[in-house]
There are 2 protein chains.
Amino acid sequence: MVKVKRMSLETLRREEILQAALGVIAEKGRANVTLEDIAKAYGCSKGGITYYYSSKEALFKDVFKYFFDTISQKTQKELDKHLDPLSKMLSFIWFVDEENPQTMLMYPLLFEMMSIAYVNTEYQEAFHEWMKSRSDTVLTIVEEGKNAGIFQVDDAAFAVLTVTAAGHGIITRWYLDRKTYSTEWAKKALQYTVIQLLQVKPA
Amino acid sequence: MVKVKRMSLETLRREEILQAALGVIAEKGRANVTLEDIAKAYGCSKGGITYYYSSKEALFKDVFKYFFDTISQKTQKELDKHLDPLSKMLSFIWFVDEENPQTMLMYPLLFEMMSIAYVNTEYQEAFHEWMKSRSDTVLTIVEEGKNAGIFQVDDAAFAVLTVTAAGHGIITRWYLDRKTYSTEWAKKALQYTVIQLLQVKPA
DNA sequence: TTAAAAAAAACGTTTGGTCGGTTTTTGAAA
DNA sequence: TTTCAAAAACCGACCAAACGTTTTTTTTAA
């Protein structure tokens with residue numbers, strides 16, 4: 001971990017605290033989290049937290065930034081494993097992985113994000129930017145597939161928004177109600193929506 | 001409003017308070033709502049609220065129950081306007097109606113619901129039951145369409161879960177980021193997902 | 001007059017932020 | 001290498017504000 005050694009102590013501590021906070025939020029729900037909870041989870045006192053974060057709000061903002069960054073990085077990492085557009089589009093099933101605690105932690109944050117966004121313009125704006133950058137990434141893939149004749153859909157931009165939105169709905173329901181929306185279903189559904197909504201050319 | 005006259009005063013007051021609470025939640029976000037906010041919105045004192053609701057939690061629970069009921073009723077009402085399965089499936093665009101404040105109020109509640117559900121088993125269970133009943137309703141329609149040869153998808157149960165989940169994602173993104181996910185897009189996307197995911201027979 | 005309905009006041013708890021103090025680390029001088 | 005003062009890191013008691021709930025008081029209506 002050269003990176004860690006290079007970090008200033010402050011940067012390191014802030015990230016450690018932030019990750020602890022994320023865990024506590026995912027466990028108790030944002031509204032029920034106190035500074036003491038976070039301090040306890042991290043293993044320090046309340047003073048230790050306020051030493052690195054001027055306010056709870058500031059800390060939470062950083063948590064959400066971390067949430068965005070983590071998802072973007074993971075997405076990119078999975079995309080880079082594949083070359084052809086169809087495989088890339090199907091790589092998004094990494095979202096459906098019950099065994100990966102890191103991934104599972106992100107869902108509560110997504111829900112909290114949406115709950116804040118509908119009332120707070122700053123978060124709403126952040127959500128908008130996130131969606132935009134995400135769409136751009138996917139659009140490149142879809143257009144490439146369209147040019148290659150793999151995706152036969154007319155309107156690539158429209159299809160991108162639709163297939164990503166559909167994916168959003170699928171993983172949301174999977175996370176919240178795995179009794180009805182099983183893991184098996186979620187994986188198949190993600191695949192099915194890609195095939196049907198991008199109109200993948202039959203083999 | 002014969003119904004209202006038949007109600008006991010208590011039932012009436014409870015419903016009025018509940019609706020006021022819903023409005024305040026949608027406006028300020030659940031975590032930031034106090035009893036005084038609700039009292040002010042309703043036009044009474046804090047004591048007036050506690051006279052009819054033993055606790056804030058009890059009131060909020062009723063708000064979410066109201067939320068479920070309202071959506072179910074509205075859904076049924078829209079479904080009843082149509083006879084053929086395809087029209088019925090397309091009737092769900094009532095969700096996308098910026099001009100209907102009643103409808104728009106429901107989105108914040110949906111987001112709050114999900115935020116509570118991931119941490120509270122009681123709400124999680126309620127969400128599950130809601131999804132189940134919703135799926136059953138749609139399954140009837142899809143099977144009818146399948147028998148009539150309108151929907152050519154193989155697995156009706158699978159398709160139902162997928163098309164409803166996709167719809168969930170579409171309306172969610174539409175509500176939260178209308179800059180990227182325009183109203184026009186949302187309506188087209190709902191239609192498109194029905195057609196593609198249920199494999200509607202070409203005319 | 002009495003009981004229900006509503007308001008007002010009081011109460012007690014929780015919690016985020018502050019701040020003075022304590023411990024630990026750092027780095028330069030001896 | 002040791003010493004030691006200054007800075008950084010961290011602790012935790014305390015405070016004030018916010019809030020849900022309970023209790024008391026007032027108003028309304030039958």
Side-chain angles (χ1 to χ4, degrees), chain A residues 1 4-65 112 115-116 119-120 122-123, chain B residues 4-66 112 115-116 119-120 122-123:
Chain A
M1 286 281 177
V4 169
K5 292 207 84 170
R6 287 247 176 94
M7 277 199 239
S8 73
L9 183 64
E10 184 180 339
T11 308
L12 174 64
R13 288 279 180 274
R14 282 173 66 100
E15 175 149 348
E16 287 172 347
I17 290 170
L18 170 169
Q19 287 177 3
L22 194 153
V24 180
I25 291 174
E27 184 193 337
K28 305 189 54 175
R30 175 181 126 266
N32 310 311
V33 172
T34 70
L35 284 183
E36 254 139 10
D37 290 332
I38 298 167
K40 208 172 121 191
Y42 178 50
C44 75
S45 72
K46 203 159 63 158
I49 304 291
T50 60
Y51 182 77
Y52 288 105
Y53 279 100
S54 60
S55 76
K56 194 183 168 184
E57 250 327 293
L59 167 55
F60 278 19
K61 248 183 226 170
D62 261 22
V63 169
F64 283 104
K65 180 169 295 191
E112 296 294 354
S115 288
I116 305 178
V119 83
N120 180 317
E122 192 179 347
Y123 280 78
Chain B
V4 169
K5 293 208 84 170
R6 289 247 175 95
M7 280 198 239
S8 73
L9 182 64
E10 183 180 339
T11 307
L12 174 65
R13 287 280 180 273
R14 282 174 65 101
E15 175 148 349
E16 287 172 348
I17 290 170
L18 171 169
Q19 287 178 4
L22 194 153
V24 180
I25 291 175
E27 184 193 337
K28 305 189 55 174
R30 176 182 124 267
N32 310 311
V33 172
T34 70
L35 284 183
E36 254 139 12
D37 291 331
I38 298 167
K40 209 172 120 191
Y42 177 50
C44 75
S45 73
K46 206 158 58 157
I49 304 290
T50 60
Y51 183 77
Y52 288 105
Y53 278 101
S54 59
S55 76
K56 192 183 173 185
E57 250 325 294
L59 167 55
F60 277 21
K61 246 182 228 171
D62 260 23
V63 170
F64 282 103
K65 179 169 295 190
Y66 178 82
E112 296 293 355
S115 288
I116 306 179
V119 84
N120 179 317
E122 192 179 347
Y123 279 78

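It should be emphasised that the depicted structure is a prediction, and the values quoted were computed from it without experimental measurement.
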List for me each residue that meets side-chain hydrogen bond (donor to acceptor under 3.5 Å, both in side chains) alongside Gln19(A), sequence neighbours excluded, and say none if there are none.
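Partners of Gln19(A) under the side-chain hydrogen bond (donor to acceptor under 3.5 Å, both in side chains) test: Glu15(A), Tyr66(A).
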Round to the nearest Å and state the distance from [X] atom [atom1] to [N] atom [atom2].
X	N	atom1	atom2	result
Leu59(A)	dT15(C)	CG	C1'	15 Å
Ile38(A)	dG17(C)	CD1	C1'	14 Å
Ile49(A)	dT15(C)	CD1	C1'	15 Å
Leu9(A)	dT23(C)	CG	C1'	15 Å
Glu10(B)	dA6(C)	CD	C1'	14 Å
Phe60(A)	dT15(C)	CZ	P	12 Å

Would you mind reporting whether [Y] and [X] have side-chain heavy atoms less than 4.5 Å apart?
X	Y	value
Asp37(A)	Thr34(A)	yes
Ile116(B)	Arg30(B)	yes
Ile38(A)	Phe60(A)	yes
Val24(A)	Tyr42(A)	no

Test salt bridge (Lys or Arg N to Asp or Glu O under 4.0 Å) on Glu16(B) and Arg13(B) and set out the steps.
CA-CA 5 Å; Glu16(B) 287 172 348; Arg13(B) 287 280 180 273; 3.2 Å; yes
Please tell me if Tyr51(A) has a side-chain N or O lying less than 4.0 Å from either OP1 or OP2 of dT18(C).
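No, outside the criterion.
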Arg13(B) vs dA6(C): side-chain N/O to OP1/OP2 distance below 4.0 Å:
yes
When you get a sec, tell me which of dA5(C), dC10(D), dA8(C) is the closest nucleotide to the side chain of Ser45(B)?
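The nucleotide sitting nearest to the side chain is dA8(C).
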Which nucleotides of nucleotides 17-25 of chain D have their base under 4.0 Å from a protein heavy atom (B), which only their sugar-phosphate (S), and which neither (-), written as one string 5' to 3'?
--SBBB---
